[in-house]
S.K.: 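Below are the structure tokens for one structure; questions will follow.
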Amino acid sequence: MKIFAIETSCDETAVAVVEEGVKILGSTVASSAAMHEKYGGIVPEVAARKQIESIQAVLKEALTQAHADWQDIDAIAVTVGPGLIGSLLVGVETAKTIAFVTGKPIIPVNHVIAHMYANFVKSDERDAVSNIKHKTVEFPAISLVVSGGHTELYLMTSMKKLKWLGGTLDDAAGEAFDKSARLLGFGAGGGPAIQKAATTYTKNSKQHTVKLPRPMISDDSLNFSFSGLKTAIVREAQKFKTTKQWSRETIHSFAFEIQEAITDVLVAKTYLATRQYHAKSILLSGGVAANRRLREKMSLAMNRLKDKTMHVPPPALCTDNAVYIASCAFFRGKPTDWHSIAATPDLSVEEPS
Ligand code: KG4
Ligand code: ZN
């Protein structure tokens with residue numbers, strides 16, 4: 001079965017053609033991220049306009065890569081939420097039009113839940129840091145989805161069955177990376193900029209000077225909270241600034257500590273959930289799962305527990321794309337009458353439908 005999938009929930013316009021939920025036949029992603037840089041954050045109006053401008057070319061490119069025509073496609077999958085309304089509408093209306101014209105079934109997909117299905121996609125790429133290769137996922141599994149807008153933990157008991165266990169009470173992990181990057185003067189560089197600066201620090205420094213809190217790391221819940229990190233960074237930074245120690249080296253030291261603080265909490269909560277639910281596998285996904293230090297630390301933590309396998313997609317499948325939308329539609333999607341499909345910006349991630 002070949003699924004043609006569209007993802008336009010935020011500032012990426014992505015289309016993919018995937019066979020049997022695991023084999024990528026074509027995948028294209030266009031991003032308007034650079035256009036938002038001067039505004040210090042995503043401008044929904046600009047993102048929506050770019051979606052409209054890009055969708056046709058991206059769609060054609062994915063079909064060309066897959067050597068496919070509409071008659072080769074068995075179903076259309078589309079992200080219906082959560083996300084920005086203007087952006088979502090572009091994908092949803094495009095998918096509905098294709099379904100109407102071609103008569104193909106259409107499958108609505110929840111973007112956040114779909115992220116974890118990137119772990120089921122075939123990839124020969126070996127993870128350079130934690131030495132992880134594609135393996136069959138054994139259930140029950142604990143799935144951590146960490147993106148720009150979400151930090152969610154799920155218990156997965158089969159390819160279809162999920163139970164939401166906890167999530168962030170305020171900022172998402174990706175948001176914490178993005179806001180910290182801005183505070184350190186990295187503009188819209190976000191998580192990748194913090195990762196790069198942190199690596200520089202580790203290589204060049206002997207002493208680790210900055211200390212930040214690990215919010216909620218010791219409580220028993222499976223919830224997270226990252227909003228306090230910004231205040232802590234500003235307060236700590238002020239100390240260095242008043243004593244005129246605000247240097248490149250100090251900024252790299254902050255980046256290192258920010259990455260350590262966020263990843264420590266993510267690892268600790270996933271470890272706790274894995275023990276509580278006697279999980280056999282751990283799945284990482286979402287843009288933050290591209291973070292090398294998170295991959296490395298999670299892998300080390302899971303090695304401490306016996307007989308657990310950790311799964312993480314290659315970085316390009318962690319950040320937004322349409323491959324996992326197709327995979328999720330294949331494994332747990334329900335074809336729906338196109339008339340009743342609507343863009344839903346606040347679609348719940350706690351009660352998967
Ligand atoms: O899943 P995603 O592409 O989009 C959303 O659904 O939000 O995630 C984007 C988030 C951003 O916050 C970005 O800074 C973060 O993922 N991210 C990273 C890395 N690459 C992307 N965070 C830390 N380290 C990275 N290497
Ligand atoms: Zn995403």
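Start at 1 and go down the list; that is how both ligands and their atoms are numbered.
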S.K.: Does the Lys NZ or Arg CZ of Arg304 fall within the cation-pi geometry relative to Tyr271 - under 6.0 Å from the ring centre and within 45° of the axis?
M.R.: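 Here Arg304 passes the 6.0 Å and 45° test against Tyr271.
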S.K.: Assess His115: does it contribute an N, O or S atom lying under 2.8 Å from the Zn ion (ligand 2)?
M.R.: yes
S.K.: Is it true that His115 lies under 4.0 Å from ligand 1, counting heavy atoms only?
M.R.: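 Judged by the 4.0 Å heavy-atom criterion, His115 does count as contacting ligand 1.
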S.K.: Regarding Glu236 and Lys211, does a basic nitrogen lie under 4.0 Å from an acidic carboxylate oxygen?
M.R.: no
S.K.: Would Gly287 count as being in polar contact with ligand 1, using the rule that some N or O on each side must be under 3.5 angstrom apart?
M.R.: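 Yes - when backbone and side-chain N and O of Gly287 are compared with those of ligand 1, one distance drops under 3.5 Å.
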S.K.: Where does the angle between the aromatic ring planes of Tyr201 and Phe256 fall among parallel (under 30°), tilted (30 to 60°) and perpendicular (over 60°)?
M.R.: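 Taking Phe256 first and then Tyr201, their aromatic rings sit tilted (interplane angle of 30° to 60°).
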S.K.: For the 3.5 Å polar cut-off, considering only N or O atoms, please tell me whether Gly174 and ligand 1 meet it.
M.R.: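 N/O-N/O distance below 3.5 Å exists for this pair.
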S.K.: For ligand 1, which atoms have a heavy atom of Gly149 less than 4.0 angstrom away?
M.R.: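 Those qualifying, in numeric order: 7 (O).
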S.K.: Give me the nearest non-hydrogen protein atom to atom 24 (N) of ligand 1 as residue plus atom name, then the distance to 0.1 Å.
M.R.: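 Closest protein heavy atom to atom 24 (N) of ligand 1: Asn291 ND2, 3.0 Å.
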S.K.: Determine whether a donor-acceptor pair (N or O, by modelled atom type, separation under 3.5 Å) exists between the side chain of Ser9 and the backbone of Glu7.
M.R.: no
S.K.: Determine, for Asp219 against Lys269, whether the closest basic-nitrogen to carboxylate-oxygen distance falls under 4.0 angstrom.
M.R.: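 Yes, Asp219 and Lys269 are salt-bridged.
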S.K.: Does ligand 1 come near enough to Glu12 that some N or O of the ligand is less than 3.5 Å from an N or O of the residue?
M.R.: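 In this structure, Glu12 places no N or O atom under 3.5 Å from an N or O of ligand 1.
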S.K.: Has His111 got an N, O or S atom lying less than 2.8 Å from the Zn ion (ligand 2)?
M.R.: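 True for His111.
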S.K.: Just need the protein heavy atom nearest to atom 26 (N) of ligand 1, so name the residue and atom and give the distance.
M.R.: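 Protein heavy atom with the smallest distance to atom 26 (N) of ligand 1: Gln195 OE1, 3.1 Å.
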S.K.: Considering only non-hydrogen protein atoms, determine which one is nearest to atom 22 (N) of ligand 1 and report residue, atom name and distance to 0.1 Å.
M.R.: Gly191 CA, 3.3 Å
S.K.: Tell me whether His111 has any N or O atom under 3.5 angstrom from an N or O of ligand 1.
M.R.: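 Yes - when backbone and side-chain N and O of His111 are compared with those of ligand 1, one distance drops under 3.5 Å.
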S.K.: Just by distance, no angles: are the side chains of Thr97 and Thr94 close enough, under 3.5 Å, to form a donor-acceptor pair?
M.R.: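 No pair is found: no donor N or O on one side chain lies under 3.5 Å from an acceptor on the other.
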S.K.: Near Thr319, which atoms of ligand 1 are under 4.0 Å from a heavy atom of that residue?
M.R.: 3 (O)
S.K.: Atoms of ligand 1 less than 4.0 Å from Asp178 heavy atoms?
M.R.: 11 (C), 12 (O), 13 (C), 14 (O)
S.K.: Taking distance alone, with no angle check, do Phe177 and ligand 1 share an N/O pair under 3.5 Å?
M.R.: no
S.K.: Flag yes if Leu266 and Tyr277 sit in one hydrophobic cluster, no otherwise; membership is Ile, Leu, Val, Met, Phe, Trp, Tyr, and two members link when side-chain heavy atoms are under 4.5 Å apart.
M.R.: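 Yes; Tyr277 is reachable from Leu266 via cluster members.
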S.K.: For atom 3 (O) of ligand 1, tell me which residue out of Val29, Ile258, Asp320 has the closest non-hydrogen atom.
M.R.: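 Comparing heavy atoms across Val29, Ile258, Asp320, the nearest one to atom 3 (O) of ligand 1 lies in Asp320.
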S.K.: Are Asp320 and His111 linked by a side-chain donor-acceptor pair shorter than 3.5 Å?
M.R.: yes
S.K.: Can you find a side-chain donor-acceptor pair between Ser32 and Asp11 that sits under 3.5 Å?
M.R.: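 Their side chains do not contain a donor-acceptor pair, so the 3.5 Å distance test is not met.
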S.K.: Considering only NZ, NE, NH1 and NH2 on the basic side and carboxylate oxygens on the acidic side, decide whether Glu175 and Lys179 come within less than 4.0 Å.
M.R.: yes
S.K.: Are Glu53 and Arg49 close enough for a salt bridge, meaning some N to O gap below 4.0 Å?
M.R.: no
S.K.: Restricting to N, O or S atoms of Asp320, which is nearest to the Zn ion (ligand 2)?
M.R.: OD1
S.K.: Gly148 heavy atoms, cut-off 4.0 Å: which ligand 1 atoms fall inside?
M.R.: 5 (C), 7 (O), 8 (O), 9 (C), 10 (C), 12 (O)
